[in-house]
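Following: one structure in structure tokens, then a few remarks.
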Amino acid sequence: MASFNKLKNVLMLAFDWILHGAGGTDTCQVTVTQPRFQEADYSMQTVFLTCAFSASGCPSSLPEFLWFRFLTNKHEDLCTPGCRDNQKYKVHLSENNISLQINNLTVDDNAVYICGIAFSDSSSPSSKQTGDGTVLMKTAAKQHSNGKLIFIFMIIASSLLFLYSAAVFTFFAVNKVGSK
């Protein structure tokens, strides 16, 4: 997790450096919040990750909405601002909330998803912010417990074997007593 935080900080600095203009006394202040964790059931095919933001003192222009994800050993730019795969990812905006729709969800989509808000017209360093990230966890498909089935089969087989042995023993015992 420490390497993830280091990578996030480096990317934050790079993000600020790229989008940050020179100088100015701009007072644009952006705050971004995301839920820490979201679990998706194995049967879900689509999930929506939410991101709320507030902006004060910012230009009236619409900000850029960015989504990234951190996998185990790499990061990916998903929507910066256009989505790289419009079939898989879609961004929805309503008021001060943006959500990332992920379609055809698989366990390979398990990652940390980070949203970013950037007022490119502002020179204030606080006009470009990211959330802390949402950990998306899709559970694997439930597998039937073969152990239980084998256990039940063994009990049934043992019971039938016991009944067979008892019947054979009784048959021989009755024949032996009847022959004397």
Side-chain angles (χ1 to χ4, degrees), residues 1-22 24-141:
M1 195 62 160
S3 63
F4 166 73
N5 287 333
K6 285 180 185 177
L7 183 58
K8 181 183 173 222
N9 289 338
V10 168
L11 285 174
M12 285 283 299
L13 289 172
F15 181 66
D16 285 344
W17 180 74
I18 290 169
L19 297 176
H20 179 57
T25 58
D26 199 335
T27 61
C28 180
Q29 178 72 35
V30 175
T31 304
V32 180
T33 56
Q34 293 181 254
R36 292 270 186 212
F37 185 79
Q38 184 162 341
E39 187 171 3
D41 186 66
Y42 71 95
S43 63
M44 293 177 70
Q45 294 300 309
T46 300
V47 70
F48 291 86
L49 302 179
T50 60
C51 178
F53 71 95
S54 63
S56 62
C58 296
S60 59
S61 61
L62 202 60
E64 290 183 344
F65 307 108
L66 312 164
W67 281 95
F68 311 92
R69 78 174 177 179
F70 290 89
L71 300 163
T72 305
N73 295 317
K74 66 178 181 171
H75 94 280
E76 294 179 342
D77 299 340
L78 301 178
C79 301
T80 57
C83 294
R84 66 180 178 98
D85 181 350
N86 289 320
Q87 298 296 326
K88 180 81 172 171
Y89 306 105
K90 288 188 172 78
V91 175
H92 301 279
L93 171 66
S94 72
E95 297 286 322
N96 286 353
N97 292 301
I98 59 170
S99 60
L100 178 67
Q101 176 182 341
I102 305 173
N103 298 314
N104 303 318
L105 191 65
T106 68
V107 293
D108 293 333
D109 293 313
N110 289 348
V112 178
Y113 289 80
I114 297 176
C115 74
I117 308 297
F119 283 89
S120 299
D121 296 344
S122 174
S123 61
S124 171
S126 58
S127 66
K128 296 116 182 127
Q129 297 293 323
T130 63
D132 290 333
T134 299
V135 176
L136 174 63
M137 179 65 76
K138 179 174 178 162
T139 57

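Both backbone and side-chain heavy atoms feed into the values below; hydrogens, waters and symmetry mates do not.
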Show me the donor-acceptor pairs, under 3.5 Å and distance only, between side chains in residues 93-102 and residues at least two apart or in other chains.
| unit_1 | atom_1 | unit_2 | atom_2 | d |
| --- | --- | --- | --- | --- |
| Q101 | OE1 | H92 | NE2 | 2.6 |
| Q101 | NE2 | N103 | OD1 | 2.8 |

Item to check | Considering all heavy atoms, the nearest V32-G131 contact | outcome: CG1-N, 3.5 Å

Checklist entry - Which distance, rounded to the nearest 0.5 Å, do you find between the CG of L66 and the SG of C83? => result 10.0 Å

Checklist entry - Does Y89 have any ring pair (Phe, Tyr, Trp, His ring centres under 6.0 Å) partners at least two apart in sequence or in another chain, and if so, which? => result none

Checklist entry - Would the number of heavy atoms belonging to other residues, nucleotides or ligands and lying under 6.0 Å from CD of Q87 be above 12? => result no

Item to check | Those residues that, when tested against S61, pass side chain to side chain donor-acceptor pair (under 3.5 Å) (two or more places apart) | outcome: D121

Item to check | Flag, side chain of S124 to backbone of T27, donor-acceptor distance under 3.5 Å | outcome: no

Item to check | Sequence-distant partners of K90, side chain to side chain donor-acceptor pair (under 3.5 Å), two or more places apart | outcome: none

Next on the checklist: Among residues at least two apart in sequence or on other chains, which ones pass side-chain contact (heavy atoms from CB on, under 4.5 Å) with T134?
Outcome noted: Q34, P35, Q38, L49

Item to check | Sole candidate of D41, L136, T46 that passes side-chain contact (heavy atoms from CB on, under 4.5 Å) when paired with L105 | outcome: L136

Next on the checklist: Nearest 0.5 Å, please: how far is CZ in F65 from SG in C51?
Outcome noted: 9.0 Å

Next on the checklist: I'd like to check P63 versus F119 (side-chain heavy atoms, cut-off strictly below 4.5 Å). Are they in contact?
Outcome noted: yes

Checklist entry - Is there a side-chain contact (heavy atoms from CB on, under 4.5 Å) between L78 and R84 once you walk through the steps? => result CA-CA 6 Å; L78 301 178; R84 66 180 178 98; 3.8 Å; yes

Next on the checklist: We want to know whether Q29 and S126 form a side-chain donor-acceptor pair, criterion being a heavy-atom distance below 3.5 angstrom.
Outcome noted: yes

N/O donor-acceptor pairs under 3.5 Å from side chains in residues 108-115, not counting sequence neighbours:
| unit_1 | atom_1 | unit_2 | atom_2 | d |
| --- | --- | --- | --- | --- |
| D109 | OD1 | R69 | NH1 | 3.2 |
| D109 | OD1 | K88 | NZ | 3.3 |
| D109 | OD2 | K88 | NZ | 2.7 |
| D109 | OD2 | T106 | N | 3.0 |
| N110 | OD1 | K138 | N | 2.5 |
| N110 | ND2 | V107 | O | 3.4 |
| N110 | ND2 | K138 | O | 3.3 |
| Y113 | OH | R69 | NH1 | 3.0 |
| Y113 | OH | D109 | O | 2.7 |

